[in-house]
> 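Would you mind keeping the following structure in view while I ask a few things?
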Amino acid sequence: MRALVMTAPGGSENSVVAEVPEPTPGPGEVAIDVAYAGLNFVDVMTRRGDAGYGSGWPHRPGLEISGTVRALGPGVGALTVGDRVVAVPKGAGMSEVAIANAASTVPVPEGVPLLEAAATPLGLATSLLLLTEAGRFNPGNTVLVHSASGGIGSAVAQLVPLLGGGRLIGTVGRPEKVAEAERAGYPVALPRDAGLAEAVRTATDGRGVDLILDPLGTTALALDLDLLAPGGRVVLFGNAGGAAIEALPPTSRLIRGNLTISGFSHRGLVAAAPARVAAATSRVLGFIADGQLSLPLTELPALEDIPTAHDLLAEGRGTGKYVARVGGSR
Ligand SMILES: NC(=O)c1ccc[n+]([C@@H]2O[C@H](COP(=O)([O-])OP(=O)(O)OC[C@H]3O[C@@H](n4cnc5c(N)ncnc54)[C@H](OP(=O)(O)O)[C@@H]3O)[C@@H](O)[C@H]2O)c1
């Protein structure tokens with residue numbers, strides 16, 4: 001079978017499509033004929049060789065897939081061969097056949113195309129869990145999202161109205177991405193420059209924001225805390241730039257301001273509490289099935305097109321969510 005293989009740390013020059021042996025499912029696992037694979041920034045962090053990502057080379061990327069169940073491992077009762085599913089594979093999802101734990105494999109409702117479904121088990125589930133679990137979003141909250149025009153950023157903009165509505169502010173790394181963030185659903189979209197703090201204060205009539213979703217390591221954390229309203233929360237959930245993570249601010253800063261800093265890891269939750277990720281995935285699939293959620297996607301026609309799209313993400317030039325066609329689909 002064919003699969004995307006990253007041969008060494010670096011860029012697209014080290015990504016190839018190669019023939020690899022077909023895997024078979026072990027106990028509690030399913031084999032899935034992959035129709036589509038979602039691209040995520042974690043692929044780029046692994047490709048760069050960021051500490052804590054990937055477990056050596058060659059590396060087979062892909063943590064988000066849709067497809068049909070090909071085979072069941074021992075002890076899997078809830079799924080049937082031929083079921084349309086999404087899953088968080090055990091890596092190597094950008095392959096014609098992938099292996100996933102049954103616990104993180106979720107049926108796709110009738111009428112939801114596998115193309116759209118492929119964005120749900122990592123990207124959309126993360127976006128929902130950032131808001132609901134980690135961020136304790138309440139209707140009416142003002143939510144500030146860094147990297148607003150990307151995959152997670154555009155999904156959050158669509159989910160906030162479905163969770164009761166709130167006020168959205170997006171930030172982007174370059175001024176030319178402001179228009180993309182606006183198109184993604186941010187009525188207020190701001191470049192992350194020296195004027196950001198003042199612009200956010202103006203946009204919130206001096207009140208500050210209730211929730212900040214921050215995938216920028218700790219580079220923006222001091223600013224985040226300055227921008228929070230009393231009771232405000234920051235969720236740290238990424239380190240796109242790969243910079244060293246700094247120590248957290250003194251506890252007194254949090255106590256004095258009634259502030260919360262929390263963290264979120266999809267990978268950690270899949271390992272420790274897969275049912276919570278599966279429940280979030282089912283919920284976003286339900287939104288799609290009901291016609292409430294339609295995330296704009298860029299479809300890549302084949303495995304061979306993934307490395308160039310990874311380049312776009314690596315250079316901060318990606319727009320929205322990318323999904324690659326891998327095998328047959330319906
Ligand atoms: N914790 C989790 O479980 C979890 C799950 C999914 C995603 N994430 C994180 O959430 C973020 C968004 O993920 P995504 O897949 O939707 O990616 P994405 O937002 O489509 O692309 C990554 C974005 O990171 C920003 N960025 C900041 N510094 C960068 C740098 N040095 N190089 C490249 N990009 C840089 C860019 O936006 P701006 O220039 O506008 O800032 C870029 O568009 C990523 O940081 C990812 O690691 C975390």
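The first residue in the sequence is number 1, and the count goes up from there. As the structure is a prediction and not an experimental result, all values here were calculated from the model.
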> So if I apply the side chain to side chain contact (heavy atoms under 4.5 Å, CB included) rule between Ile169 and each of Leu196, Val145, Thr204, which one comes out positive?
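Among Leu196, Val145, Thr204, the one meeting side chain to side chain contact (heavy atoms under 4.5 Å, CB included) with Ile169 is Thr204.
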
> Check which hydrophobic residues are tied to Val172 through side-chain heavy-atom contacts below 4.5 Å, counting indirect links as well, and list them.
Val178

> Is it the case that one hydrophobic cluster holds both Phe264 and Leu228, taking links as side-chain heavy atoms less than 4.5 Å apart, direct or via other members?
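Different clusters: Phe264 never reaches Leu228 through Ile, Leu, Val, Met, Phe, Trp or Tyr contacts under 4.5 Å.
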
> If we check side chain to side chain contact (heavy atoms under 4.5 Å, CB included) with Met94, which of these qualifies: Val326, Ile65, Asp43?
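Single pass found, and it is Asp43.
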
> Main chain of Leu39, side chain of Lys321: is a donor-acceptor contact present, judged purely on distance under 3.5 Å?
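Confirmed, Lys321 side chain pairs with Leu39 backbone.
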
> Are Val188 and Val209 connected, step by step, through hydrophobic side chains (Ile, Leu, Val, Met, Phe, Trp, Tyr) whose heavy atoms are closer than 4.5 Å?
yes

> Kindly say whether Arg70 contributes a backbone atom to a donor-acceptor pair with the side chain of Asp33 at under 3.5 angstrom?
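Answer holds: no.
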
> State which residues pass side-chain hydrogen bond (donor to acceptor under 3.5 Å, both in side chains) with Glu19; sequence neighbours excluded, sorted by chain then number.
none

> With sequence neighbours left out, write down each residue that passes side-chain hydrogen bond (donor to acceptor under 3.5 Å, both in side chains) with Arg167, or none if nothing qualifies.
none

> Hydrophobic clusters here meaning ILVMFWY residues chained together by side-chain heavy-atom distances under 4.5 Å, can you tell me if Val97 and Val323 are in one?
no

> Going by atom types alone, do Arg60 and Ser95 pair a side-chain donor with an acceptor below 3.5 Å?
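Ser95 and Arg60 do have a side-chain donor-acceptor pair below 3.5 Å.
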
> Considering only NZ, NE, NH1 and NH2 on the basic side and carboxylate oxygens on the acidic side, decide whether Asp50 and Arg48 come within less than 4.0 Å.
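Salt bridge: yes.
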
> Just distance, no hydrogens or angles: give the donor-acceptor pairs under 3.5 Å from side chains in residues 128-140, sequence neighbours left out.
unit_1 : atom_1 : unit_2 : atom_2 : d
Thr132 : OG1    : Leu128 : O      : 2.8
Glu133 : OE1    : Arg276 : NE     : 3.3
Glu133 : OE1    : Arg276 : NH2    : 2.7
Glu133 : OE2    : Arg276 : NE     : 3.3

> So does Val112 get a backbone contact from the side chain of Arg84, meaning a donor-acceptor N/O pair under 3.5 Å?
yes

> Should Val108 and Tyr36 be regarded as members of a common hydrophobic cluster, given that ILVMFWY residues are connected when their side-chain heavy atoms come within less than 4.5 Å of each other, either directly or indirectly?
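Yes; tracing contacts between hydrophobic side chains, which count when under 4.5 Å, links both residues.
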
> State whether the number of non-hydrogen atoms from other residues, nucleotides or ligands found under 6.0 Å of Glu315 atom CD is greater than 12.
yes

> Would Val20 and Met1 satisfy side chain to side chain contact (heavy atoms under 4.5 Å, CB included), going step by step from the backbone distance to the final call?
CA-CA 6 Å; Val20 299; Met1 67 161 191; 3.4 Å; yes

> Please test Asp226 against Arg201 for salt bridge (Lys or Arg N to Asp or Glu O under 4.0 Å), starting from the C-alpha separation and ending with a verdict.
CA-CA 10 Å; Asp226 283 345; Arg201 282 190 200 100; 5.1 Å; no

> Table please: side-chain donor-acceptor pairs of residues 284-304 below 3.5 Å, with sequence neighbours left out.
unit_1 : atom_1 : unit_2 : atom_2 : d
Glu304 : OE1    : Arg2   : NH2    : 3.4
Glu304 : OE2    : Arg2   : NH2    : 2.2

> Between Thr281 and Pro121, what is the shortest heavy-atom contact and its length?
OG1-CA, 3.7 Å

> Show the nearest heavy-atom pair for residues Ala229 and Leu259, with the distance to one decimal.
O-CD2, 3.7 Å

> Is Leu225 reachable from Phe237 through a run of I, L, V, M, F, W or Y residues, each pair having side-chain heavy atoms under 4.5 Å apart?
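Different hydrophobic clusters.
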
> May I ask you to say whether Arg47 pairs ionically with Asp311, meaning some side-chain N is under 4.0 Å from a carboxylate O?
yes

> Nearest 0.5 Å, please: how far is CZ in Arg233 from CG in Asp214?
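Rounded to the nearest 0.5 Å, the CG-CZ separation comes to 15.0 Å.
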
> Looking only at atom types and distance, does a side-chain atom of Asp210 sit under 3.5 Å from a main-chain N or O of Thr142, one as donor and one as acceptor?
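Yes; at least one donor-acceptor contact below 3.5 Å.
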
> Please find the pair of heavy atoms, one from Ser127 and one from Ala155, that lie closest to each other, and give the distance.
OG-CB, 3.3 Å

> Would you mind listing the cluster partners of Trp57? Hydrophobic ones only (ILVMFWY), side-chain contacts under 4.5 Å, chaining allowed.
Met6

> Can you tell me if Asn239 uses its side chain to pair, donor with acceptor, with the backbone of Ala243 under 3.5 Å?
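Checking the backbone N and O of Ala243 against the side chain of Asn239, a donor-acceptor pair under 3.5 Å is found.
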
> Would you say Glu180's side chain and Thr319's backbone share a donor-acceptor pair under 3.5 angstrom?
no

